[in-house]
Amino acid sequence: MKKPFAITLDPGSSLANHTGSWRTVRPVYVDRLPPCNDACPSGENIQGWLFHAESGDYEKAWRLLTEANPLPACMGRVCYHPCETACNRAQLDECVGVNAIERFIGDEALKHGWKFMPPAKSTGMRVMVVGAGPSGLSAAYQLARVGHTVTIREAGPVAGGMMRFGIPEIPPAARAVLDAEIARIAALGVSIELNSKVDDVLAAKRDGHFDAVFLAVGAHIAKRAYLPAGSAGKMLDAVAVLRSMEGEERPLLGRRVVVYGGGNTALDVARTAKRLGAEESVIVYRRTREKMPAHDAELEEALQEGVLVKWLSTIREAGESSITVEKMTLDEKGMAQPTGEFETLEADSVVLALGQDVDLSLLDGVPGLELDGGVVKVDVNMMTGHAGIFAGGDMVPGERTVTVGIGHGKLAARNIDAWLRGETWTHPSRPEIASFDKLNTWYYSDAPKAQRPVLDMVRRQSTFEEVIGGFDPATAQFEARRCLSCGNCFECDNCYGVCPDNAVIKLGAGNRYAFNYDYCKGCGLCVSECPCGAIRTQPEEI
């Protein structure tokens with residue numbers, strides 16, 4: 001047979017020549033950890049549930065989301081979304097609006113009445129959770145899912161903790177959302193005993209025949225400061241002001257309100273004062289904006305609503321209708337130092353927002369349990385020094401936010417479950433992060449971040465309606481599709497299309513691909529052209 005010049009083998013005969021033997025490196029598919037997942041204190045598989053949301057399967061998205069977080073509608077309103085700060089897309093245009101999509105998914109679940117799946121069987125083990133805030137609710141939910149019998153004992157008349165009393169993002173009009181998500185946890189069989197303060201944790205454990213205890217008491221005791229007040233002006237604490245918003249009678253703060261502090265609670269009170277009719281709502285903070293512990297987004301909202309801030313200032317004395325403020329300066333270490341310069345501010349009331357402590361009296365006399373700086377010492381498994389007593393949320397060291405509390409509850413539940421079974425839970429190994437430099441972003445379309453509707457300024461300053469609105473289905477789906485799927489294959493067919501050796505095998509929808517190493521020469525084209533960085537090369541074993 002006469003052959004063209006370039007052909008040296010019969011057609012098909014190259015299949016017998018395993019050209020993969022020339023290879024020095026081989027490509028492998030990997031699942032890297034998306035930075036959003038890595039940054040989420042609740043441990044949500046954000047990229048996973050966004051994948052279902054972008055396809056319009058909102059129930060599947062909700063079920064994956066709630067494996068880590070049972071309160072998505074609330075979290076979509078109050079979380080400070082560190083996932084968005086970590087999002088790789090922020091380096092391309094703007095981050096994906098994860099928080100807004102989470103709220104949409106949570107609201108869809110309430111609208112359609114989706115329920116949690118009950119456990120297949122009971123373990124016969126009993127666990128007491130002390131506190132019905134986010135951490136306690138999270139732990140109770142996770143423990144009930146695996147079949148343990150859980151009782152929450154809550155000192156207050158209603159469940160929810162500071163989500164109910166201390167966060168304007170869940171105003172009275174939205175409390176039904178919180179109630180519905182709590183009711184869904186209770187429907188799993190979790191018993192919530194209200195007005196049931198635990199004064200002695202060991203006695204409660206013994207009398208209730210509980211096998212383990214999770215302590216999740218919130219920080220509700222306001223820190224005090226000594227302020228000379230010769231003629232005793234109206235002095236209030238921030239927690240009491242926010243808690244009183246739940247009652248029928250609103251607090252009387254007056255026309256000129258001064259809030260002393262620089263955290264998120266200070267901003268919450270200052271914004272609440274404006275809504276209650278205060279003409280002036282002024283925050284006095286001893287350092288600069290850069291040093292302020294409150295989240296910047298919340299500060300921006302407060303400033304938009306007319307809240308004023310006196311930076312580098314501290315209250316020296318409180319009178320009947322005014323306060324004396326001393327100006328401060330920052331030294332070379334960034335510490336505030338007095339200047340000796342004073343000014344007077346008119347004030348009908350002064351609200352102290354200097355932080356909160358936890359009531360730890362229920363732990364008196366517990367053998368082995370250690371306290372340090374107003375919190376409980378726990379080991380890597382969230383267990384205190386007393387076997388069978390675990391702690392999380394505001395009771396242990398860490399940032400005091402709702403999402404951190406939910407993460408603590410989930411982590412504690414896993415460790416409690418393992419301890420009850422006589423085992424030790426170990427955290428799975430952490431994959432490498434899918435960093436921005438591993439992406440081929442030019443493959444993705446330009447897509448501006450969708451903006452949530454915002455209540456007009458007049459109503460923001462005078463009502464307790466929700467300031468930030470939610471997405472409609474089309475917007476939520478569009479925003480979910482902005483996800484880059486960092487580090488995880490989404491079956492775009494790029495590797496299949498660019499392989500010069502036809503060494504990429506399709507395994508069918510949802511099953512991704514495999515490499516035929518008999519023919520792959522290790523050229524690396526698939527690695528360099530993968531949009532999401534889900535392929536890497538490794539040296540070939542000789």
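Atoms considered below: every heavy atom in the structure, side chains included; atoms not considered: hydrogens, waters and symmetry mates.
In summary, the side chains of Gln47 and Asn37 do not present any donor paired with an acceptor at a separation below 3.5 Å, with no hydrogens or angles considered. A donor-acceptor pair shorter than 3.5 Å cannot be found between the side chains of Glu108 and Trp62.
You'll find the side chain of Thr314 reaches within 4.5 Å of the side chain of Arg316, heavy atoms only. Between Arg286 and Lys291 there is no side-chain heavy-atom pair separated by less than 4.5 Å. Proximity of Arg256 to Ser281: side-chain heavy atoms (C-beta onward) are nowhere separated by under 4.5 Å. Residues Ile389 and Met383 fail the side-chain proximity criterion, which asks for heavy atoms closer than 4.5 Å. Side-chain contact between Thr344 and Ile323: absent, with no pair of heavy atoms (C-beta onward) separated by less than 4.5 Å. Contact check for Trp311 versus Met328: no side-chain heavy atoms found under the 4.5 Å cut-off. Contact check for Ile315 versus Thr324: no side-chain heavy atoms found under the 4.5 Å cut-off. Counting only heavy atoms from C-beta outward, the side chains of Cys40 and Ile46 approach each other to under 4.5 Å.
In this structure, Arg243 does not pair ionically with Asp237, as no charged nitrogen and carboxylate oxygen lie closer than 4.0 Å. A salt bridge is absent between Asp179 and Arg175: the closest approach of a Lys/Arg side-chain nitrogen to an acidic carboxylate oxygen does not fall below 4.0 angstrom. Ion pairing between Arg271 and Glu301 holds under the 4.0 Å rule for side-chain N and carboxylate O. A salt bridge does not link Glu279 to Lys274: none of the charged side-chain nitrogens sits closer than 4.0 Å to a carboxylate oxygen. The pair Arg289-Glu300 meets the salt-bridge criterion, since a charged nitrogen lies less than 4.0 angstrom from a carboxylate oxygen. In summary, Glu305 and Arg275 engage in a salt bridge, as defined by a charged side-chain N under 4.0 Å from a carboxylate O.
Phe478 and Phe471 have their aromatic ring centers separated by at least 6.0 angstrom. Ring centroids of Tyr260 and Tyr285 are separated by 6.0 Å or more, keeping the two rings apart.
Rounded to the nearest 0.5 Å, atoms CG (Asp268) and CE (Met162) are 8.0 Å apart. A distance of 11.5 Å separates CG of Leu92 from SG of Cys95, quoted to the nearest 0.5 Å. Atoms CZ and OG, from Phe342 and Ser313 in turn, are 11.5 Å apart once rounded to the nearest 0.5 Å. To the nearest 0.5 Å, atom CG of residue Leu352 and atom CG of residue Leu354 are 5.5 Å apart. Ile101 contributes atom CD1, which lies 8.5 Å from atom SG of Cys483 (distance to the nearest 0.5 angstrom). Going from atom CD of Glu326 over to atom CG of Leu312 covers 11.5 Å, rounded to the nearest 0.5 Å.
Ala139 approaches Ala413 most closely through the heavy-atom pair O-CB, 3.8 Å. Residues Asn264 and Ala294 come closest through the heavy atom pair OD1-CA, 3.3 Å. Here the closest heavy-atom approach between residue Ile105 and residue Ala61 is recorded as CD1-CB, 4.1 Å. Pro72 and Leu65 make their closest contact through CB-CD2, 3.6 Å (heavy atoms, listed as atom of the first residue, atom of the second, distance). Minimum heavy-atom separation, Arg430 to His427: NH1-CE1, 3.9 Å. Here the shortest heavy-atom pairing between Pro35 and Cys486 reads CD-CB, 4.3 Å.
Here side chain to side chain donor-acceptor pair (under 3.5 Å) pairs that include residues 84-102, with residues two or more places apart or in two chains, are Asn69-Glu102, Glu84-Lys449, Arg89-Asp93, Asp93-Arg482, Asn99-Arg452. Listed by first and then second residue, the side chain to side chain donor-acceptor pair (under 3.5 Å) pairs involving residues 151-160 are Arg153-Glu193 (not counting sequence neighbours).
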Show the numbers, then the answer: is there a side-chain contact (heavy atoms from CB on, under 4.5 Å) between Val258 and Ile283? CA-CA 6 Å; Val258 172; Ile283 291 174; over 6 Å; no
Pair Tyr141-Phe116, ring-ring contact (aromatic ring centres under 6.0 Å, His included): steps then yes or no: CA-CA 10 Å; Tyr141 160 74; Phe116 296 133; 4.7 Å; yes
Before you tell me yes or no, could you show the steps for Asp348 and Leu253 under side-chain contact (heavy atoms from CB on, under 4.5 Å), namely the whole-Å CA-CA distance, both residues' side-chain angles and the distance that decides it to 0.1 Å? CA-CA 7 Å; Asp348 296 314; Leu253 301 178; over 6 Å; no
Trace of the side-chain contact (heavy atoms from CB on, under 4.5 Å) decision for Val378 with Met395: CA-CA 10 Å; Val378 293; Met395 297 194 77; over 6 Å; no
Take Ile182 and Ile192 through the side-chain contact (heavy atoms from CB on, under 4.5 Å) test and state the conclusion after the steps. CA-CA 10 Å; Ile182 293 173; Ile192 304 177; 3.8 Å; yes
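Judged by distance alone, with hydrogens and angles left aside, the side-chain atoms of Glu181 form a donor-acceptor pair with the main-chain N or O of Cys74 at under 3.5 Å. Side-chain atoms of Thr441 never come within 3.5 Å of backbone atoms of Leu439 as a donor-acceptor pair (strictly under, hydrogens ignored). Panel note: side chain Arg77, backbone Ala73; a donor-acceptor pair is recorded below 3.5 Å. Put simply, the side chain of His408 never gets that close to the backbone of Gly392: no donor and acceptor are under 3.5 Å apart. Under the 3.5 Å distance criterion, the side-chain polar atoms of Gln142 are matched with a main-chain donor or acceptor of Glu67. Within the 3.5 Å criterion, the main-chain N or O of Glu44 finds no donor-acceptor partner in the side chain of Ser42. Between the side chain of Asp394 and the backbone N or O of Gly218, no donor-acceptor pair lies under 3.5 Å. A donor-acceptor contact shorter than 3.5 Å is absent between the side chain of Gln337 and the backbone of Asp331. In terms of modelled atom types and a separation under 3.5 Å, the side chain of Arg400 and the main chain of Gln356 share a donor-acceptor contact. A donor-acceptor contact shorter than 3.5 Å links the side chain of His386 to the backbone of Pro367.
Under the side-chain hydrogen bond (donor to acceptor under 3.5 Å, both in side chains) criterion, Thr475 pairs with Asp472, sequence neighbours left out.
Relative orientation of the Tyr80 and His295 rings is parallel, given thresholds of 30° and 60° on the angle between their planes.
Within a 6.0 Å radius of CG in Leu252, other residues, nucleotides and ligands contribute 12 heavy atoms or fewer. In Asp437, the CG atom is crowded: over 12 heavy atoms of neighbouring residues, nucleotides or ligands sit closer than 6.0 Å.
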